[in-house]
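Since the structure comes first, as structure tokens, the remarks are kept for the end.
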Amino acid sequence: RDLVRSRGLGDVYKRQRYDLALETSQLPAGPFIGSLNPTLKGVYDGMLDVVFDVDGAGVTGVNLKKNLKGMANLDFKGANIELFDSWKKLFMTPVALVLRVPAMLDSPIQGLSLQSSFGDGTVNLGEFKVLSPQFEVVSTGAIPIADDLMASALALPIDLTMKKDLALGANLVDEEAEVTEGFVKLPPFVSVEGSVGTPKVNIDKLAVGKLFIRNVAGSVSYTHLRA
């Protein structure tokens with residue numbers, strides 16, 4: 001059964017204080033997102049579970065660092081979202097190019113999940129996950145809130161798993177790679193750094209090069225053994 005509960009107390013315009021909460025269960029994403037932004041009406045499918053409970057004062061980095069506390073969890077299932085241009089340009093295009101897997105750019109997003117908390121001047125990402133038929137992206141970490149909010153530093157490691165057949169075709173894994181529900185986990189090679197206002201992707205090209213060399217050699221050895 002659909003569930004929506006909300007609480008909102010505040011004097012944001014005069015004193016910028018707020019105490020806000022929202023809880024939804026199995027809420028149709030399309031109508032809900034369309035009500036927030038009419039230009040997106042009918043764009044999204046899927047169902048939303050949201051738990052949001054935030055207390056604070058002010059909207060600048062200085063005030064948020066001092067006053068913000070609470071949590072926000074999101075689970076977006078059954079979605080069929082084309083990659084956002086900003087997400088594609090920032091993250092997916094560089095990763096797909098360096099791995100030589102252009103199919104990643106054409107794979108729609110089927111789900112998003114977020115577990116986060118706020119307090120002591122920090123935004124803590126318990127887990128942020130992006131789900132696609134071809135890959136999964138997971139990140140955890142902490143974002144210290146800077147006095148200039150947009151200057152808050154990012155240092156978020158990224159874990160990338162990929163469909164085994166896709167990873168095999170790109171020589172990213174060998175035949176004996178451990179498989180979980182059809183996906184294989186790649187070694188760490190990418191992180192999101194920079195700042196909230198200017199995020200950037202850092203790719204360890206040396207790690208990627210070693211990955212290719214190791215798995216090409218492994219494939220040759222595996223083929224030789226089978227022969």
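One is the number of the first residue; the rest follow in order along the sequence. None of the values given here were measured: they were computed from a predicted structure.
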Fill in: Under 3.5 Å donor-acceptor, Tyr18 side chain and Gly58 backbone
yes
(message) Between Ser139 and Phe128 (side chain of the first, backbone of the second, donor and acceptor by atom type, cut-off under 3.5 Å), is there such a pair?
(response) no
| said: Whether the side chain of Ser35 engages the backbone of Phe32 through a donor-acceptor N/O pair (distance < 3.5 Å, no angle test) should be reported. | reply: yes
Please tell me if the side chains of Glu127 and Leu114 come closer than 4.5 Å, counting only heavy atoms from C-beta onward. no
message = With clusters defined by side-chain heavy atoms of hydrophobic residues (ILVMFWY) lying less than 4.5 Å apart, directly or transitively, does Val101 cluster with Leu90?
response = yes
Do Leu160 and Phe135 have side chains that approach each other closer than 4.5 Å (heavy atoms only, starting at C-beta)? yes
Value for CG (Asp75) from CG (Leu112), rounded to nearest 0.5 Å, stands at 9.0 Å
Can you tell if the side chain of Leu154 reaches within under 4.5 Å of the side chain of Val196, non-hydrogen atoms only? yes
In short, Met71 meets Val54 closest at the heavy-atom pair O-CG2, 4.0 Å
Would you sort out whether Val50 and Glu23 count as a side-chain contact (heavy atoms from CB on, under 4.5 Å), showing the intermediate values?
CA-CA 5 Å; Val50 179; Glu23 181 181 355; over 6 Å; no
Quick one, Lys200 and Val192 - any side-chain contact, counting heavy atoms below 4.5 Å? no
**OP:** Check for a donor-acceptor pair, side chain of Ser152 on one end and backbone N or O of Leu149 on the other, with a separation under 3.5 Å.
**Re:** yes
Output for pair (Leu97 CG, Met92 CE), nearest 0.5 Å, gives 10.0 Å
What one should report as the nearest heavy-atom pair of Leu166 and Ala103 is CD1-CB, 4.0 Å
Could you check if a side-chain atom of Met162 sits within less than 4.5 angstrom of a side-chain atom of Met104, using non-hydrogen atoms only? yes
Heavy atoms of Val184 and Glu178 approach each other most closely as CG1-O, 3.3 Å
Under 3.5 Å, is there a donor-acceptor pair linking the side chains of Thr39 and Asn37? yes
Distance col, row Ile158:CD1 vs Phe189:CZ, nearest 0.5 angstrom, shows 9.5 Å
*With side chains defined as the heavy atoms from C-beta onward, is the minimum distance between Met47 and Leu27 less than 4.5 Å?*
no
Is it true that atom CG of Asp120 has more than 12 heavy atoms of other residues, nucleotides or ligands lying nearer than 6.0 Å? no
Do Phe52 and Ile143 sit in one hydrophobic cluster, given that two such residues count as connected whenever their side-chain heavy atoms are within less than 4.5 Å of each other, even indirectly? yes
*Ser132-Gln134 side chain donor-acceptor pair, cut-off 3.5 Å*: no
The reported gap from CD1 in Ile145 to OG1 in Thr60 (rounded to nearest 0.5 angstrom) is 10.0 Å
- Test Lys163 against Phe183 for side-chain contact (heavy atoms from CB on, under 4.5 Å), laying out the working first. CA-CA 4 Å; Lys163 274 290 189 180; Phe183 286 80; 3.9 Å; yes
> Same cluster or not: are Val179 and Leu211 linked, directly or through other Ile, Leu, Val, Met, Phe, Trp or Tyr residues, by side-chain heavy atoms under 4.5 angstrom apart?
Replying inline: yes
| request: Could you check if a side-chain atom of Leu186 sits within less than 4.5 angstrom of a side-chain atom of Thr161, using non-hydrogen atoms only? | output: no
Kindly indicate, with the supporting measurements, whether the criterion side-chain contact (heavy atoms from CB on, under 4.5 Å) is fulfilled by Ser113 and Phe76.
CA-CA 6 Å; Ser113 66; Phe76 188 0; over 6 Å; no
Rounding to 0.5 Å, atoms CZ (Arg100) and CG (Leu172) come to a distance of 8.0 Å
Minimal heavy-atom distance between Leu125 and Leu156, with the atoms involved, is CD1-CD1, 4.0 Å
Rounded to the nearest 0.5 angstrom, the CD-CD distance for Glu136 and Gln110 is 10.0 Å
Using the rule that Ile, Leu, Val, Met, Phe, Trp and Tyr join whenever any side-chain heavy atoms are under 4.5 Å apart, tell me whether Leu131 and Tyr44 fall into a single cluster. no
- Just wondering, more than 12 heavy atoms not from Lys185 lying within 6.0 Å of its NZ? no
Does Val123 share a hydrophobic cluster with Leu64, counting links as ILVMFWY side-chain heavy atoms below 4.5 Å and allowing steps through other members? yes
*Under 3.5 Å donor-acceptor, Asp174 side chain and Glu176 backbone*: yes
### Query
Does the pair Leu168 and Val173 meet the rule for a side-chain contact (heavy atoms from CB on, under 4.5 Å), with working shown?
CA-CA 5 Å; Leu168 276 173; Val173 297; 4.0 Å; yes
Nearest heavy-atom contact between Ser195 and Met150 is OG-O, 3.3 Å
Minimal heavy-atom distance between Pro28 and Pro31, with the atoms involved, is O-CD, 3.6 Å
